[in-house]
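What follows is a short report on a single structure.
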Amino acid sequence: DHMVQGVSQQNLADWLAHVDEHPEFSLYYNHVGAGASVEGHRHAQLIPARHRFPVESFATPPVAEVDGVAIGELVGYPAKTLVLTSGDLERLAAVQHRIVQQFEAQGLSFNFFVRAAPDQTATVYLYPRSQASPSGQRITATGDVGAMELSGMVVSLSDRQRYDELTGEAFEAALRDVSVSDVVWQQLRAAVQRMSGHAGGPIRRPRKQPEGIQLPVEGTAVMDAEG
């Protein structure tokens, strides 16, 4: 029997452990209502770690620290993003699951992207999604918006003409459309701070601007919830 698309703390721990054991891969996840290709089967997907994404080039000022997991936020990026980093993968999975539960309590879907680092830490880029759908025009222009698109790389367009016609401005607008509003973001941010009692750090300007749209990725793989 298949489990429907979703995440448990154990799923997150297993997936983080897999990326830690196989750092030649990164991992991404699309939740129900957030670009999941098969909503009736619980899975994450793997991608060769040689691919670097625009989301990784932004400064990450601190928001809080929860159970040894550093939590930051991206500034200046089109999509609202929490960034979780830790060398303790069990704690990282537990904290990520608590945050995801905050999303679900507000009726929000989400995506995330995971990269393992040579220093034995893992970083999770966590994207809460707006309850409103993007405009039809932008969906037509960009195709589905999943974790890879939210990380800054277009992988969902199979039509070369549509890809060639897609502008950076339209792509960034699509990411803003699927991201939560400023009001909801502040509520989520405050909820994370309450998890640690941390008041959060000052917001700083980003070091870099988006690096633009990248070509679709080859060599992705699917990883079941069972591993």
Side-chain angles (χ1 to χ4, degrees), residues 7 12 26-36 53-66 69-85 92 95-115 123-135 138-139 142 144-156 168-196 198-213:
V7 292
L12 296 174
S26 296
L27 179 144
Y28 66 96
Y29 172 85
N30 297 323
H31 198 54
V32 173
F53 300 99
V55 73
E56 299 178 86
S57 69
F58 281 76
T60 310
V63 171
E65 183 173 314
V66 179
V69 177
I71 303 175
E73 63 183 338
L74 296 187
V75 181
Y77 192 68
K80 307 291 196 307
T81 310
L82 287 173
V83 183
L84 287 63
T85 304
L92 180 56
V95 172
Q96 182 182 352
H97 189 247
R98 288 174 64 188
I99 294 174
V100 164
Q101 288 179 311
Q102 293 282 347
F103 295 172
E104 293 179 326
Q106 295 201 37
L108 303 175
S109 192
F110 60 92
N111 307 81
F112 64 83
F113 161 63
V114 182
R115 183 180 295 281
T123 298
V124 178
Y125 295 83
L126 184 54
Y127 311 106
R129 300 277 294 226
S130 171
Q131 292 173 304
S133 297
S135 67
R138 286 177 182 154
I139 280 291
T142 64
D144 292 331
V145 177
M148 290 294 89
E149 284 73 24
L150 284 162
S151 300
M153 181 179 287
V154 177
V155 298
S156 60
E169 292 78 10
F171 181 51
E172 289 182 25
L175 299 191
R176 286 192 291 270
D177 271 358
V178 301
S179 188
V180 292
S181 68
D182 290 342
V183 171
V184 173
W185 175 248
Q186 290 304 321
Q187 293 171 346
L188 295 173
R189 191 179 186 277
V192 169
Q193 291 173 342
R194 286 194 297 272
M195 289 168 61
S196 69
H198 193 289
I203 293 178
R204 300 194 294 268
R205 300 292 296 175
R207 289 192 299 267
K208 298 181 182 180
Q209 295 301 315
E211 297 177 357
I213 299 167

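The chain is numbered in sequence order, starting from 1.
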### Task
Only counting residues at least two apart or in another chain, list the ones meeting side chain to side chain contact (heavy atoms under 4.5 Å, CB included) with Gln187.
Gln106, Val183, Val184
#### Entry: For Ser151, side chain to side chain donor-acceptor pair (under 3.5 Å) partners two or more places apart
Tyr127
### Summary
The reported gap from OG in Ser179 to CG in Leu150 (rounded to nearest 0.5 angstrom) is 7.5 Å
### Task
Compare every heavy atom of Val75 with every heavy atom of Pro61, then report the nearest pair and how far apart it is.
CG-CG2, 3.5 Å
### Query
Which heavy atom in Pro128 sits nearest to a heavy atom in Lys80, and how many Å separate them?
CD-O, 3.5 Å
### Query
How long is the gap from CG on Leu84 to CD on Gln96, to the nearest 0.5 Å?
6.5 Å
### Task
Could you check if a side-chain atom of Phe103 sits within less than 4.5 angstrom of a side-chain atom of Leu82, using non-hydrogen atoms only?
yes
### Task
Enter the distance from Asn111:CG to Met148:CE here, rounded to the nearest 0.5 Å.
9.0 Å
#### Entry: side chain to side chain donor-acceptor pair (under 3.5 Å) involving Thr85 - partner list, sequence neighbours excluded
Thr123
### Query
Any idea which heavy atoms bring Tyr77 and Gly152 closest together, and the distance?
OH-N, 3.2 Å
### Task
To the nearest 0.5 angstrom, please state how far the CD atom of Glu104 sits from the NE2 atom of His97.
7.0 Å
### Task
Using a 4.5 Å cut-off on heavy atoms from C-beta on, say whether the side chain of Gln102 contacts that of Val192.
no
### Summary
Heavy atoms of Thr60 and Val83 approach each other most closely as CG2-CB, 3.6 Å
### Task
Could you tell me which non-hydrogen atom of Ser196 sits nearest to which non-hydrogen atom of Glu65, and how far apart they are?
CB-O, 2.9 Å
### Message
If the condition is ring-ring contact (aromatic ring centres under 6.0 Å, His included), which residues does Phe113 pass it with, not counting sequence neighbours?
### Response
Phe53, Tyr125
### Message
To the nearest 0.5 Å, what is the distance between CD on Glu73 and CH2 on Trp185?
### Response
6.0 Å
### Query
What's the shortest heavy-atom distance between Ser130 and Asp177, and which atoms?
CB-O, 3.8 Å
### Summary
Here the gap from Ile99 atom CD1 to Ile71 atom CD1, rounded to the nearest 0.5 Å, amounts to 4.0 Å
### Summary
Contacts of Ala70 meeting side chain to side chain contact (heavy atoms under 4.5 Å, CB included) (sequence neighbours excluded), chain-then-number -> none
